[in-house]
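Just so you know, these numbers use all the heavy atoms, side chains as well, and skip hydrogens, waters and symmetry mates. Predicted model only: the values in this text are computed from it and were never measured.
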Amino acid sequence: MPYKERDITKMYYTMGEVSAMFDVNQSLIRFYEKEFDVLTPKKNKKGNRYFTPEDIENLKIIFHLIRDKGYTLQGAKDHLKNDNGNVRDNQRVIDSLENLKKFLLEVRNEL
């Protein structure tokens, strides 16, 4: 069995890292934080936001619903409240398929 590097995940991500991860302005993430109750980043005494991996997963779901599926803000809120388990499972499947696609593209480019 070949050696597989372990994915190192951080416990907390800064606002700058999250905005770079999603390629959006920080103001949009702050706006979504106010609009969606599922986003609850930790704040230090200075007021800096620190996002957990769960917050990152929730942001992925929100961006998928709003950008890819074309939901309105209210529609995305309702969808998250009513169908939370299925949404998370679907997002995990989407993430694994994107990782597989990235891997296959790397293999193709090496050939």
Side-chain angles (χ1 to χ4, degrees):
M1 181 174 207
Y3 173 74
K4 181 180 178 185
E5 288 189 31
R6 209 174 85 202
D7 290 335
I8 299 173
T9 57
K10 298 171 76 174
M11 290 182 66
Y12 294 103
Y13 296 90
T14 63
M15 175 65 89
E17 291 172 330
V18 174
S19 67
M21 192 182 302
F22 291 102
D23 194 29
V24 295
N25 291 331
Q26 295 178 5
S27 60
L28 181 64
I29 295 173
R30 285 192 295 271
F31 175 72
Y32 285 166
E33 176 189 347
K34 290 178 187 174
E35 290 293 318
F36 293 93
D37 296 334
V38 295
L39 290 178
T40 55
K42 308 282 185 219
K43 292 183 184 177
N44 63 5
K45 292 179 184 177
K46 199 173 175 183
N48 297 338
R49 290 169 176 83
Y50 292 102
F51 294 87
T52 62
E54 182 180 334
D55 291 328
I56 302 296
E57 185 177 324
N58 288 332
L59 269 173
K60 284 181 184 179
I61 293 169
I62 291 168
F63 278 115
H64 174 71
L65 289 175
I66 292 174
R67 288 186 173 175
D68 298 339
K69 294 224 174 185
Y71 280 62
T72 61
L73 287 176
Q74 188 60 43
K77 288 180 198 176
D78 294 341
H79 195 273
L80 282 173
K81 285 181 185 177
N82 297 335
D83 208 14
N84 198 11
N86 291 334
V87 171
R88 290 189 190 279
D89 291 340
N90 289 344
Q91 187 61 40
R92 287 189 188 114
V93 170
I94 289 169
D95 289 341
S96 65
L97 287 174
E98 287 175 353
N99 289 336
L100 180 63
K101 179 182 177 181
K102 186 171 119 181
F103 173 74
L104 291 173
L105 289 173
E106 288 175 5
V107 169
R108 184 184 74 181
N109 291 337
E110 289 179 5
L111 293 178

May I ask you to check whether Tyr50 and Tyr13 place their ring centers less than 6.0 Å from one another?
-> no
Between atom CG of Leu39 and atom CD of Glu54, what is the distance when rounded to the nearest 0.5 Å?
-> 10.0 Å
Is the shortest heavy-atom distance from the side chain of Ile29 to the side chain of Val24 under 4.5 Å?
-> yes
Which residues satisfy the ring pair (Phe, Tyr, Trp, His ring centres under 6.0 Å) test with Tyr71, sequence neighbours excluded?
-> His79
Would you indicate whether the side-chain heavy atoms of Lys77 and Glu35 approach each other to under 4.5 Å?
-> yes
Does Asn82 reach the main-chain N or O of Asp78 with its side chain, forming a donor-acceptor pair under 3.5 Å?
-> yes
Provide the full list of salt bridge (charged side-chain N to carboxylate O under 4.0 Å, His left out) pairs with a residue in residues 97-108, sequence neighbours left out, each pair given once.
-> none
Test Thr52 against Asp55 for side chain to side chain donor-acceptor pair (under 3.5 Å), laying out the working first.
-> CA-CA 5 Å; Thr52 62; Asp55 291 328; 3.2 Å; yes
Please lay out, stage by stage, how Phe22 and Phe63 fare under the test side chain to side chain contact (heavy atoms under 4.5 Å, CB included).
-> CA-CA 9 Å; Phe22 291 102; Phe63 278 115; 3.5 Å; yes
Answer yes or no: are there more than 12 heavy-atom neighbours, outside Asn99 itself, under 6.0 Å from its atom CG?
-> yes
CA sep, side-chain torsions, deciding dist, call: Arg49, Lys42, side chain to side chain contact (heavy atoms under 4.5 Å, CB included) = CA-CA 6 Å; Arg49 290 169 176 83; Lys42 308 282 185 219; over 6 Å; no
Minimum heavy-atom distance Asn25-Ser19, with the two atoms named | C-CB, 4.4 Å
Going by heavy atoms in the side chains, are Phe36 and Leu73 under 4.5 Å from each other?
-> yes
Taking all non-hydrogen atoms of both residues, which atom of Met21 and which atom of Ile56 are closest, and how far apart?
-> SD-CG2, 3.8 Å
Give a yes or no on whether Tyr12 and Tyr32 share a hydrophobic cluster (residues Ile, Leu, Val, Met, Phe, Trp, Tyr; joining criterion: side-chain heavy atoms under 4.5 Å apart).
-> no
The reported gap from CD in Gln26 to CE in Met15 (rounded to nearest 0.5 angstrom) is 5.5 Å
Please examine the side chains of Ile62 and Val38, heavy atoms only from C-beta on, and report whether any two atoms are closer than 4.5 Å.
-> yes
Apply the test side chain to side chain contact (heavy atoms under 4.5 Å, CB included) to residues Asn48 and Thr14: give CA-CA distance (whole Å), side-chain angles for both, the deciding distance (0.1 Å), then the verdict.
-> CA-CA 8 Å; Asn48 297 338; Thr14 63; over 6 Å; no
